[in-house]
Amino acid sequence: MRPAVRFLVGVTLGAIAIAAYLWVVGVGTVLGRATTIAPLFAVLVLALVLAEGAADGIGVWASLRPLNGGLSPRKSVQFAFAGDFFDTLSPAGPVTSEPIMARFFAVETETSYSEALGVRGVAKYVKSGAQLLVSTVLVVVLVLLGLTPSFLVYTLGGAVVVLFVVGLLLVVTNRWLSGGLVVLLTPPVRLLSSLYRAEPYGREDVTAAVDRFWMRAGQFRDAPGLVALIAVGGIVEQLLTAGALWVALGGIGTPVALLPIVAVIPLPQAASVVPVPASLGAYDVLLGVVLGLLTVASQADAAAAVFAVRTFSIGSALAIGGVSTGFLRGWRP
């Protein structure tokens with residue numbers, strides 16, 4: 001497909017997605033949220049939102065490096081924005097969008113779907129762990145200074161412990177888990193592959209795919225630099241998101257400290273379990289409530305800032321992400 005055609009496809013995807021978003025939320029509501037903050041501050045918020053989307057390319061580049069050399073920095077940023085597009089449209093954010101993106105990663109790197117899913121699974125785990133760890137340290141400092149309630153230490157600390165335990169269990173039980181995955185995945189894989197293959201995939205094919213998944217995931221044990229880069233990318237995203245909210249609150253006329261905002265950014269990610277595209281409503285409410293509790297901003301101002309930032313982030317994810325998606329290849333020529 002020619003680049004011009006791909007661009008038109010991407011523009012069409014973005015336009016349709018934005019039209020659907022405006023239809024669901026309402027044009028007046030979106031404009032009202034975007035104009036809540038002063039124009040100069042709105043421009044800064046948009047710049048930070050776009051920078052956060054591009055920063056995701058750091059983790060994409062580092063995580064795909066083991067797959068035949070991975071992607072170029074430019075391609076990594078493109079795939080990051082495309083991932084934001086599917087994050088926004090998917091019912092549970094990255095939980096459901098990463099399996100979609102794995103197909104495009106596999107085609108672009110000329111590897112298998114299970115290999116791409118393996119490296120991206122590690123990337124999401126490392127990114128979440130790094131963000132939660134930074135947040136926990138910041139909250140401990142804020143509690144010691146008497147600036148935030150202590151329950152947040154237990155909440156974030158507990159999340160870090162759970163993440164560590166889950167990772168340890170995956171390492172220790174991966175052989176047993178592989179057998180269970182093969183049994184679980186073979187019937188649906190056989191059924192789906194029978195729709196487009198004369199000879200459907202069977203148990204041996206699924207076993208090989210699961211083995212490739214673990215093989216790629218295990219490669220990061222010998223690549224601490226890539227793991228560190230994924231973690232740094234996640235922290236940069238966290239800082240940029242917090243910066244956008246901080247600027248938005250300033251634009252509303254409610255200046256607050258930056259560190260409490262940085263600390264709470266990972267907390268509302270739990271909203272991704274709500275089966276609504278972009279977690280509309282759930283994420284916004286949770287983040288607004290937490291910001292209202294931890295800063296001098298009122299609940300109304302905190303909610304207004306969150307809605308404004310989310311309006312810009314969802315809009316850019318659908319527009320730029322839609323164009324980026326149009327250039328992806330889901331199959332090999």
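Residues: numbered from 1 along the sequence shown.
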Please name all residues satisfying salt bridge (charged side-chain N to carboxylate O under 4.0 Å, His left out) with Glu52, sequence neighbours left out, ordered by chain then number.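 For Glu52, no residue satisfies salt bridge (charged side-chain N to carboxylate O under 4.0 Å, His left out) once neighbours in sequence are set aside.
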With a 3.5 Å cut-off and no angle check, do the side chains of Arg212 and Ser112 form a donor-acceptor pair?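 The criterion, which ignores hydrogens and geometry beyond distance, is satisfied for Ser112 and Arg212.
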Would you check if there is a donor-acceptor pair between the side chains of Gln238 and Ser135 at a distance under 3.5 Å? yes
In Å and rounded to the nearest 0.5 Å, what is the CD1 to CG distance from Ile320 to Leu50? 4.5 Å
Check whether any side-chain heavy atom of Asp56 lies under 4.5 Å from a side-chain heavy atom of Glu237, and answer yes or no.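 Of all side-chain heavy-atom pairs linking Glu237 with Asp56, at least one is under 4.5 Å.
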What closest approach, in Å, do [X] and [Y] show between heavy atoms, and which atom pair accounts for it?
X: Pro188; Y: Leu184; result: CD-O, 3.4 Å
X: Gly53; Y: Asp84; result: CA-OD2, 3.8 Å
X: Val119; Y: Ser63; result: CB-O, 3.3 Å
X: Arg216; Y: Pro66; result: NH1-O, 3.0 Å
X: Ala305; Y: Leu245; result: O-CD2, 4.0 Å
X: Val45; Y: Val309; result: CG1-CG2, 4.1 Å

Tell me, please, which residues at least two apart from Phe105 pass ring-ring contact (aromatic ring centres under 6.0 Å, His included).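 Only Phe79 meet the ring-ring contact (aromatic ring centres under 6.0 Å, His included) criterion with Phe105.
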I'd like to know whether Phe220 forms a side chain to side chain contact (heavy atoms under 4.5 Å, CB included) with Val126, so could you lay out the CA-CA distance, the side-chain angles of the two residues, the decisive distance to 0.1 Å, and finally the verdict. CA-CA 11 Å; Phe220 285 99; Val126 171; over 6 Å; no
